[in-house]
Structures are given as structure tokens and as C-alpha cells.
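Proteins get letters first, then strands, A, B, ... in listed order; numbering begins at 1 in each. Heavy atoms only: backbone and side chains are in, while hydrogens, waters and symmetry mates are out.
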There are 2 protein chains.
Amino acid sequence: MTTEHSTRRLGAPDSRTRAILVDAAEQLLLDEGYAAVTSRRVGSAAGLKPQLVHYYFRTMDDLFVEVFRRRAEENLGRFERMVAGGCSIADLWRFNADLRGARFNIEFAALANHRKAIRTEIARYAERFRAAVLEALGAALAAAGVDPERVPPVVALLVMTGLSQVMAIEGELGVSAGHAETTAFVEDLVARLGDHG
Amino acid sequence: MTTEHSTRRLGAPDSRTRAILVDAAEQLLLDEGYAAVTSRRVGSAAGLKPQLVHYYFRTMDDLFVEVFRRRAEENLGRFERMVAGGCSIADLWRFNADLRGARFNIEFAALANHRKAIRTEIARYAERFRAAVLEALGAALAAAGVDPERVPPVVALLVMTGLSQVMAIEGELGVSAGHAETTAFVEDLVARLGDHG
DNA sequence: GTCTATACTTCGATAGAC
DNA sequence: GTCTATCGAAGTATAGAC
């Protein structure tokens, strides 16, 4: 994460303990927000001493970046495997509408507000993911006979992303008015596009 | 904020100093994220002693709730004044697409993740605001001749909200691919609807 | 209404023993 | 690789003088 060198020892990246710490940090982040991810609480949640966090990660930011990166890579991998087998607009919508990652995204968006290293990491991933989805969505829309002049794929992508994001955030707050209706609307639209292709 | 009573003194709600503290807290929240909103930093930013924060607010949560509530009321007031004079779909889109509140929303969405008092406050406001916008948007869509059976107003509302939200979050990260194109698309659509009505 | 003083907790991080 | 021990900084909150 950083190029400065210090005399401090650092644990191996493939360590089992290290993975456990990342698991604990991710769980804390999801359950209680990023402010709860402290070396003491991560250690405790993992059943280990907090100093081990500093043995495996130079700083807490390094730990956050690792939590993010691990999930991002996993997500990107899943997406690429789905696309490789050929995928419909409905598949793309379902992948996108997965609520599992919503809280995760909110926390990291907030974190990115004031932690430079994390913002950089998120931006890099967001662009990679964006490009991958755009390519798949463009192909799927073309197959469904949608004129890209009339509905640019990138617009459809942003609408799709925005919809699932806003429903996820509101869902967490307990506000769900119109969600069922909107989901039904999108699924109907997507099904009709599927019939065409 | 709370019904427990303690012996501690509390400053007047209409105090000038209190307003300055809320200003400072809001600025810190926007600039550096909610984790930066501590009694020490708020006091320092306001040029006052941190203990004054505790004189005006029983807990830091009370301060957060006040920051949120003040802005929410102001926002709702502005919206209602706009609607009172009659408003078009374009007006609604512009109001919604105001990026100024994006960071604010992200921070509070993250805060709501783990602070019950704040979540309750946000949910209450979100529902009020949602109802107000829905009413205005429903009327504007009807005036533009949009069939509510074909495009339910609540769906249009969620699309609108989602779009501006996702563009705001990405914009903060420095990811802006497709944003200009999407904004142009929406503005064109909205203008065409305006011509009809 | 604002201050000093202070209690107590938790934080990130490091050094060095085993 | 994991532990004990420890530092200094920062956090929330309260009591009481002025």
C-alpha cells in the first residue's frame, strides 16, 4: 500500500491468520459501520490480540484496502464467469440488484470521502467494473434489438445501477414505498426485451 | 432526542453559539466524513472549547441529529416553495440532481448503519420528502400526458433519485464516464415531456 | 454562557520477549 | 507468529469556578 520502508516486520500475505483478520474486519464493517473497525475490535472479533492486526497490516488503512480489494476481486470474478457463459439483460439486472453488497458500498463510499488511499483503490475498481458491465450490457441490448442511438448503453447502465442502489439504501433505512412496484416494472421490461432477442 | 433526565445543564436551542457549533459540525461532516465530527474538532473549528459541545448537546448523537434535521427541514421548505409556484418535470429533476446534498446523504446513510437515533430520524424525513416529491411528480407527469399505467410515477421517482445519486457518488470518486451523456439524455427527455404539457 | 480541570475509555502503533 | 508491555494522542462526558 505504501513504499516507505520501516524496520517493522510484516506477516505473510497468504497467512491464514491474516485472512481471519480480514474476515473479522469485513463483518464488523457490515454490522456496525467502518468506525467500528478498530484494531482492538477486529482482534477481539477474531479471537486474537489486537497487535496482530499491526503485524499483518502496517496501518488500518491497509486493512481497509485489503477488505475492499478482496471483495472487489471476488465480485469481478463472479461477473466475468457469468458473462463468459453468455448473459441476458435479466442476468445483468439480477447481478446488479444483489442487495448483499449495498451496505458494503455505502461504507466504502463514506470512507473514500476522507481517506485518500481508499478512494484511489475504489476508483480504480469502479472503472474496471464499469467497463466490464458496459461491454456486457451493450452486447445484451444490441441482441435485444435496442437502438443504441435511442438508448445509449451507458445510460441504461447508470439507470440500472442507480435504481438498485437507491432501493438498497432506502431498504436499510426501512423505507420501501414503491420498491415492489419498481422491481416488477423493471423485471417486466427486462422480460419483454428478452423476448425480442 | 432522549427522555432520560440528568442534572446536567443544557444550552438554549435558539442560542447563536449553538448554531455556530451545528455549522461547524456540518462542514466537518462534508469535508472529512462523520468520523471527523468529534467534540474536540467541532469546538476547534468553531473557535470554541470542546466542552461547549456538551453544554449544547447531551451526546454527540444529538448533535448529529440536529445537523441532519436542520438541513432536512431547509430542504423540504425549499421544495415546498418550489412546488407551490407550480413546477415542471425539469424543475423536479434539477432539484433532485443538486449534487450539494450527495455527500451529506452518503455520510448519513453510513451513520444510520449503526446509530439507531439517527436512522429513525432519517427514515422519518425520507418518508416525508418521498411523499412530497411523489405528489409533485405525479402531477407533472399527468400534465405532460404520461400514462400512469405505463410509467408509474413512483418508478419515475426512483429512477430519477437513483440516477442523480449514483452520479453524485461516482463523481466524488472521480469516476465520471457516461455522466455527461446521461445528463444530456435526461434533460432531452425532460424537455420533450415539457413541450407536450 | 464559557471556562478550567479532570476522569475514564479507546485509539493506532511500536519494541522486544518468547 | 504471537505474546506482554507500553506510549502518546484523541475520544466522550462531567463537575464546578467564574
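- From A/Arg103, atom CZ reaches atom CG of A/Leu30 across 7.0 Å, with rounding to the nearest 0.5 Å.
- For the pair A/Arg71 and A/Phe104, the cation-pi test (distance below 6.0 Å, angle within 45°) is passed.
- We find that CD of B/Gln51 is positioned 17 Å from P of D/dC18, with the value rounded to whole Å.
- Within 4.0 Å (heavy atoms only), A/Tyr56 reaches sugar-phosphate atoms of the nucleic acid but no base atom.
- Counting heavy atoms from C-beta outward, B/Val67 and B/Glu107 have side chains that stay 4.5 Å or more apart.
- In this structure, NZ of A/Lys49 is placed 5 Å from P of D/dT4, rounded to the nearest angstrom.
- Atom CG of A/Asp62 is separated from atom C1' of C/dA13 by 13 Å (rounded to the nearest Å).
- Salt bridge present: B/Glu121 and B/Arg124 bring a charged side-chain N and a carboxylate O closer than 4.0 Å.
- Protein atom CE of B/Met60 is 9 Å distant from nucleotide atom P of D/dG11, rounded to whole Å.
- Within residues 38-47 of chain B, no residue has any heavy atom under 4.0 Å from DNA chain C.
- A 4.5 Å side-chain heavy-atom check between A/Tyr125 and A/Asn75 finds at least one atom pair inside the cut-off.
- Rounded to whole Å, atom P of C/dG12 lies 15 Å from atom CG of A/Leu52.
- Rounding to the nearest 0.5 angstrom, the gap separating the CD atom in B/Glu181 from the NE2 atom in B/His179 is 11.5 Å.
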Taking distance alone, no hydrogens or angles, what donor-acceptor pairs closer than 3.5 Å link side-chain atoms of residues 131-156 of chain B to residues at least two apart or in another chain?
from	atom 1	to	atom 2	distance (Å)
B/Asp147	OD1	B/Glu149	N	2.9

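- Sorted by residue number, the members of residues 13-29 of chain A with any non-hydrogen atom under 4.0 Å from DNA chain D read A/Thr17.
- Between the CZ atom of A/Arg58 and the P atom of C/dA15 there is a distance of 12 Å, rounded to whole Å.
- Between A/Ile89 atom CD1 and A/Arg192 atom CZ the span is 11.5 Å, to the nearest 0.5 Å.
- Heavy-atom nearest nucleotides on DNA chain D were determined for A/Leu48 and for B/Tyr55, and the one closer to the 5' end corresponds to A/Leu48.
- Of the possible donor and acceptor atoms, none in the side chain of B/Arg119 sits under 3.5 Å from a partner among the backbone N and O of A/Leu173.
- At least one side-chain nitrogen or oxygen of B/His54 sits closer than 4.0 Å to the OP1 or OP2 atom of D/dA13.
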